[in-house]
Undergrad: 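Provided herewith is a single structure, encoded as structure tokens, for subsequent inquiry.
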Amino acid sequence: ICFVVLLGSAAVLAAESKLKPIFNGKDLSGWEVPAGNDAAGWYKAVDGVLKIQNGPNKKGSILWTKKKYRNFMMEFDFRFGKGIVDSGVHVRNKDQIQIGISGSLKRDMTCSPYIPGKGYPVEAKNIKKLLKTEDWNTMRIQAIGKEYTVWLLGEKVMTYKSDSAIEEGPV
């Protein structure tokens, strides 16, 4: 199974500042590629876009920011590639905001939180109506303390308070 997620402008908000880019559009500076993964095979900067792609022999990789964040807001654009998309954004730890098809549920759980040991405790609202499967989508993730809030195309679709949230970590 092969998938591609294309991430456009991403930014993080520190409590006292405005959105600042965390991807330079040129390379993976500021990001940590997990040991044992070929950065050129998994993650590429292509024409200002972060392209993420795996295949049947490449599963379970995570690309982390080198910088750690406390309370933040992250906004980015994404577009699905060909095949089944099962991806997401980790929020300071293994808590994740899903993008695409849940591997465990076998259905689209975009914008819903996946919490290790709890699965998907809540499901984002109106995703079928809002999500453009063949075009760019804008997602905004806010993490304040233990609470995660997600917007898709400007509409608030999910809020969840995670007991497993940590105070500071990479995304």
Side-chain angles (χ1 to χ4, degrees), residues 3-34 39 42-53 61-81 85-100 108-115 120-127 129-162 164-171:
F3 75 85
V4 179
V5 176
L6 300 175
L7 298 173
S9 59
V12 170
L13 175 69
E16 67 284 345
S17 64
K18 51 186 172 169
L19 292 174
K20 298 177 182 178
I22 60 172
F23 172 61
N24 67 16
K26 300 175 190 171
D27 57 35
L28 298 176
S29 297
W31 297 85
E32 304 243 46
V33 178
W42 278 88
Y43 314 102
K44 296 178 187 177
V46 180
D47 297 326
V49 174
L50 177 59
K51 182 176 179 183
I52 304 168
Q53 182 173 355
S61 178
I62 301 172
L63 179 66
W64 293 103
T65 57
K66 288 182 181 178
K67 184 175 178 182
K68 293 181 179 182
Y69 299 92
R70 286 181 179 265
N71 296 334
F72 67 88
M73 182 169 290
M74 171 185 233
E75 184 173 284
F76 58 93
D77 298 323
F78 70 93
R79 183 177 69 191
F80 295 141
V85 174
D86 181 0
S87 191
V89 176
H90 286 273
V91 186
R92 301 180 299 220
N93 63 5
K94 296 284 185 171
D95 288 3
Q96 178 181 335
I97 304 301
Q98 178 74 24
I99 298 174
D108 195 332
M109 294 297 288
T110 296
C111 297
S112 298
Y114 175 79
I115 311 297
Y120 295 90
V122 298
E123 187 167 348
K125 299 174 189 152
N126 293 328
I127 300 307
K129 178 185 98 178
L130 295 169
L131 187 66
K132 299 181 282 184
T133 57
E134 298 191 19
D135 201 354
W136 289 98
N137 296 273
T138 300
M139 183 185 292
R140 178 176 277 207
I141 300 170
Q142 176 180 282
I144 304 294
K146 293 182 172 284
E147 186 173 89
Y148 307 141
T149 306
V150 179
W151 292 261
L152 181 62
L153 300 174
E155 184 174 316
K156 185 177 178 180
V157 294
M158 189 282 297
T159 299
Y160 177 70
K161 189 170 184 177
S162 174
S164 58
I166 61 173
E167 188 174 302
E168 182 178 76
V171 294

Undergrad: Please test Asn71 against Arg92 for side chain to side chain contact (heavy atoms under 4.5 Å, CB included), starting from the C-alpha separation and ending with a verdict.
TA: CA-CA 10 Å; Asn71 296 334; Arg92 301 180 299 220; 4.2 Å; yes
Undergrad: Do you know the tightest heavy-atom contact between Pro113 and Pro121?
TA: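 Reported closest heavy-atom pair: O-CD, 3.5 Å.
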Undergrad: Hey, are the side chains of Glu123 and Met109 touching, using non-hydrogen atoms and a 4.5 Å cut-off?
TA: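 Sidechains of Met109 and Glu123: in contact.
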Undergrad: What I'd like to find out is whether the side chain of Asp108 reaches to under 4.5 Å of the side chain of Val85, using heavy atoms alone.
TA: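 Answer no - side chains too far apart.
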Undergrad: How long is the straight-line distance from CD1 of Ile166 back to CZ of Arg70, given to the nearest 0.5 Å?
TA: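 So the gap between those two atoms works out to 10.5 Å.
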Undergrad: With a 4.5 Å heavy-atom cut-off, do Tyr160 and Asp95 have their side chains touching?
TA: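 Not in contact.
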Undergrad: A side-chain contact here means heavy atoms from C-beta on lying under 4.5 Å apart; do Asn137 and Thr110 qualify?
TA: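 Of all side-chain heavy-atom pairs linking Thr110 with Asn137, none is under 4.5 Å.
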Undergrad: Give, for atom CH2 of Trp64 and atom NE2 of His90, the distance between the pair rounded to the nearest 0.5 Å.
TA: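 Between Trp64 CH2 and His90 NE2, I get 5.0 Å after rounding to 0.5 Å.
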Undergrad: Would you find a donor on one side and an acceptor on the other, under 3.5 Å apart, between the side chain of Ser112 and the backbone of Ala124?
TA: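 Here the side-chain-to-backbone pair exists.
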Undergrad: Can you measure from CE (Met158) to NZ (Lys125) and round to the nearest 0.5 angstrom?
TA: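 It comes to 10.5 Å.
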Undergrad: Taking Thr65 for its side chain and Val171 for its backbone only, find out whether a donor-acceptor pair lies under 3.5 Å.
TA: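 Pair found, side chain donor or acceptor close to backbone of Val171.
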Undergrad: What distance do Arg79 atom CZ and Asp135 atom CG have between them, rounded to the nearest 0.5 Å?
TA: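 Between Arg79 CZ and Asp135 CG, I get 7.5 Å after rounding to 0.5 Å.
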Undergrad: Locate the shortest heavy-atom distance separating Ala165 from Tyr148; write the atom from each residue and the value.
TA: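 Minimum heavy-atom separation between Ala165 and Tyr148: CB-OH, 3.3 Å.
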Undergrad: Which label fits Trp31 and Phe23: parallel for a plane angle under 30°, tilted from 30 to 60°, or perpendicular past 60°?
TA: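 Perpendicular: the ring planes of Trp31 and Phe23 meet at over 60°.
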Undergrad: Quick one: does Ile62's side chain get under 4.5 Å of Lys94's, heavy atoms only?
TA: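 They are in side-chain contact.
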Undergrad: Please list, one pair per line, the donor and acceptor atoms closer than 3.5 Å that link side chains of residues 150-157 to other protein atoms, with sequence neighbours excluded.
TA:
residue, atom, partner, partner atom, Å
Glu155, OE2, Asn126, ND2, 2.6

Undergrad: Shortest non-hydrogen contact from Ile115 to Ser162?
TA: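 Minimum heavy-atom contact is CD1-OG, 3.9 Å.
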Undergrad: Is it the case that more than 12 heavy atoms not belonging to Lys68 sit under 6.0 Å from its NZ atom?
TA: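 Open: at most 12 neighbouring heavy atoms sit under 6.0 Å from NZ of Lys68.
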Undergrad: First locate atom CD of Glu32, then atom NZ of Lys67, and finally report the distance between them rounded to the nearest 0.5 Å.
TA: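 Separation between the atoms: 14.0 Å.
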Undergrad: Just wondering, do Val89 and Phe76 contact through their side chains at under 4.5 Å, heavy atoms?
TA: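 They are in contact (side-chain heavy atoms under 4.5 Å apart), so the answer is yes.
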Undergrad: Strictly distance-based, threshold 3.5 Å: is any side-chain N or O of Glu134 a donor or acceptor partner for the main-chain N or O of Phe80?
TA: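 Flag not set: sc Glu134 to bb Phe80 has no pair under 3.5 Å.
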Undergrad: With side chain to side chain contact (heavy atoms under 4.5 Å, CB included) as the criterion, how do Trp136 and Val49 come out once you've worked through the C-alpha distance, each side chain's angles and the decisive distance to 0.1 Å?
TA: CA-CA 12 Å; Trp136 289 98; Val49 174; 4.0 Å; yes
Undergrad: Look at the side chain of Asn93 and the backbone N and O of Ser164, then say whether any donor-acceptor pair between them is shorter than 3.5 Å.
TA: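 Checking the backbone N and O of Ser164 against the side chain of Asn93, a donor-acceptor pair under 3.5 Å is found.
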Undergrad: Would you give the length of the straight line joining atom OG1 of Thr149 to atom CZ of Arg140, rounded to the nearest 0.5 angstrom?
TA: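 Those atoms lie 11.5 Å apart.
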Undergrad: Do we see a donor-acceptor contact under 3.5 Å between the side chains of Gln98 and Asp86?
TA: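 The criterion, which ignores hydrogens and geometry beyond distance, is satisfied for Asp86 and Gln98.
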Undergrad: Can you name the closest pair of heavy atoms from Met139 and Cys111 and give their distance?
TA: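 Answer, listing the atom of Met139 first, then Cys111: CE-SG, 3.5 Å.
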Undergrad: Taking salt bridge (charged side-chain N to carboxylate O under 4.0 Å, His left out) as the test, write out the residues that go with Glu147, two or more places apart.
TA: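 Here no residue qualifies.
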Undergrad: Using modelled atom types and a 3.5 Å cut-off, is there a donor and acceptor pairing between side-chain atoms of Lys44 and backbone atoms of Lys51?
TA: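 Judged by distance alone, no pair lies under 3.5 Å.
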